[in-house]
Undergrad: 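A single structure is presented below for examination.
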Amino acid sequence: MPQNINLYSVAYFLTCFVSLFFIDTGNSITEMIIKILSLMSLSFLYLSTSKKIDYFYLLILMNSIASDTFLIFDDSFMMLGIFLLLANRVLYIVISRRALFETKPKMLLIYVIPSLLLFTTIFVLLKPYLQEISLSFLFMGITSAIMIGLAFFNYLNEMNKKSKFFLFGILLIVTADVLIAFNKFLDYNLVYVIVYTAMYYVARYLICLSMIKRKRINH
């Protein structure tokens, strides 16, 4: 089993690293193929090390392959890519749903209210620049706030590596999404693209490790 982890982990990070050299080079097909290979490596890592498959997480991996493909071609398939990203957030919420039953309602409200207020502020500031995707951005923000909260409360309830990896992965994804919005609608910079792409890669790996540990703990 450790050999599988090393093999697929190396393949994942190698393809992720190579993909960074094809960002904004005009070679979208090559970038798409390399990103698909990276996610396939991550999928094989999960499938080869989990005794029982979490089909919600497997669907997240499949959606990620499709969303990365659509978003590479930006304007043509942007809305479809955003829809798949939104679907993944709903699936992350489903995976983390146990926190709803193990956390006191008062604690949930203490987190949810300030988080939604913070997102509302960000949304109001960015809304003039979002144009046709403002509604999608609104849903993305709400679901992001919910999945961070659930991941955080799961970590408080369990305090183990599995929940820590999952929480850090979710935080990286949401931070990367903020950078994506800032980069696309306010101040484009290739450095931002490389940074948030790398953050996504690390986040996906941490979440995959979390899901592997989740299955080992449960068995």
Side-chain angles (χ1 to χ4, degrees), residues 1-13 15-16 35-71 80-103 108 111-112 139-140 142-177 197-219:
M1 190 172 293
Q3 185 176 359
N4 288 335
I5 292 178
N6 290 335
L7 175 64
Y8 293 124
S9 296
V10 169
Y12 175 70
F13 282 110
T15 49
C16 288
K35 285 188 173 182
I36 289 176
L37 288 175
S38 73
L39 282 164
M40 288 179 63
S41 299
L42 197 64
S43 301
F44 286 130
L45 170 62
Y46 177 68
L47 292 171
S48 66
T49 52
S50 294
K51 294 181 179 180
K52 183 179 179 181
I53 304 302
D54 187 317
Y55 291 100
F56 291 120
Y57 177 64
L58 197 60
L59 186 55
I60 286 174
L61 291 174
M62 295 171 60
N63 280 347
S64 297
I65 292 174
S67 64
D68 277 15
T69 301
F70 291 134
L71 291 174
L80 186 53
I82 290 175
F83 173 78
L84 291 173
L85 290 178
L86 181 59
N88 272 359
R89 274 150 182 73
V90 174
L91 291 170
Y92 281 128
I93 291 171
V94 172
I95 289 173
S96 307
R97 65 190 181 279
R98 187 169 57 184
L100 289 173
F101 307 103
E102 296 180 352
T103 307
L108 290 172
Y111 164 80
V112 168
F139 287 130
M140 290 277 283
I142 293 173
T143 52
S144 294
I146 294 173
M147 70 179 187
I148 288 176
L150 295 180
F152 175 68
F153 285 117
N154 274 328
Y155 174 68
L156 290 181
N157 292 331
E158 297 178 356
M159 289 286 187
N160 54 30
K161 284 188 176 180
K162 178 262 296 184
S163 55
K164 182 187 297 184
F165 287 161
F166 191 82
L167 174 59
F168 283 170
I170 293 297
L171 288 173
L172 282 174
I173 285 177
V174 174
T175 303
D177 286 342
T197 301
M199 291 173 69
Y200 252 103
Y201 289 151
V202 175
R204 285 170 174 170
Y205 188 74
L206 289 175
I207 291 173
C208 183
L209 290 183
S210 168
M211 298 304 298
I212 291 170
K213 287 184 176 294
R214 180 190 300 261
K215 288 305 175 186
R216 288 181 182 170
I217 290 171
N218 291 341
H219 291 79

Undergrad: Taking atom CZ as the centre, does Phe153 end up with more than 12 heavy-atom neighbours from other residues, nucleotides or ligands that are less than 6.0 angstrom away?
TA: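 Check passes, neighbour count above 12.
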Undergrad: At what distance, to the nearest 0.5 angstrom, does CG of Leu39 lie from CZ of Arg204?
TA: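 That separation rounds to 4.5 Å.
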Undergrad: Would you check if Ile53 and Leu47 make a side-chain contact, meaning some heavy-atom pair closer than 4.5 Å?
TA: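 Of all side-chain heavy-atom pairs linking Leu47 with Ile53, at least one is under 4.5 Å.
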Undergrad: Starting from the C-alpha separation in whole Å, work towards a yes-or-no answer on side-chain contact (heavy atoms from CB on, under 4.5 Å) for Phe166 and Tyr155.
TA: CA-CA 8 Å; Phe166 191 82; Tyr155 174 68; over 6 Å; no
Undergrad: Say you draw a straight line from OH of Tyr200 to CG of Leu172; how long is it, rounded to the nearest 0.5 Å?
TA: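 Here the interatomic distance stands at 10.5 Å.
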Undergrad: Supply the atom-to-atom distance Leu59 CG to Leu91 CG, rounded to the nearest 0.5 angstrom.
TA: 5.0 Å
Undergrad: So, for Ala203 and Gly169, which heavy atoms are closest and what is the spacing to 0.1 Å?
TA: CB-O, 3.3 Å
Undergrad: Report yes if the side chains of Tyr57 and Cys208 come closer than 4.5 Å at any heavy-atom pair, otherwise no.
TA: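 In contact.
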Undergrad: Return yes when atom CZ of Phe44 has more than 12 non-hydrogen atoms of other residues, nucleotides or ligands closer than 6.0 Å, and no otherwise.
TA: no
Undergrad: Any chance you could measure Leu167, atom CG, to Ile170, atom CD1, to the nearest 0.5 Å?
TA: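 It is 8.5 Å, given to the nearest 0.5 Å.
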Undergrad: Hey, does Ile207 have a side-chain heavy atom less than 4.5 Å from the side chain of Ile60?
TA: no
Undergrad: Would you indicate whether the side-chain heavy atoms of Arg98 and Asn157 approach each other to under 4.5 Å?
TA: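 Answer no - side chains too far apart.
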Undergrad: Supply the atom-to-atom distance Leu85 CG to Ser144 OG, rounded to the nearest 0.5 angstrom.
TA: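 Rounded to the nearest 0.5 Å, the CG-OG separation comes out at 9.5 Å.
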Undergrad: Tell me whether Ser210 contacts the main-chain N or O of Leu206 through its side chain, where contact means a donor paired with an acceptor under 3.5 Å.
TA: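 Side chain of Ser210 to backbone of Leu206: no pair is present.
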Undergrad: What I'd like to find out is whether the side chain of Tyr8 reaches to under 4.5 Å of the side chain of Tyr46, using heavy atoms alone.
TA: no
Undergrad: Not counting sequence neighbours, which residues clear side chain to side chain contact (heavy atoms under 4.5 Å, CB included) with Ile93? List them please.
TA: Thr143, Ile146, Met147, Leu150
Undergrad: Taking the side chain from Tyr12 and the backbone from Tyr201, do they hold a donor-acceptor pair closer than 3.5 Å?
TA: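 Yes, the answer is positive, given that a donor and an acceptor are paired below the 3.5 Å cut-off.
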Undergrad: I'd like to know if the side chain of Asn154 and the backbone of Ser163 have a donor-acceptor N/O pair within less than 3.5 Å.
TA: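 No, because the side chain of Asn154 does not come within donor-acceptor range (under 3.5 Å) of the backbone of Ser163.
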Undergrad: Would you say Leu45 and Ser41 make side-chain contact, with heavy atoms under 4.5 Å?
TA: no
Undergrad: Between atom CD1 of Ile65 and atom CE of Met40, what is the distance when rounded to the nearest 0.5 Å?
TA: 7.0 Å
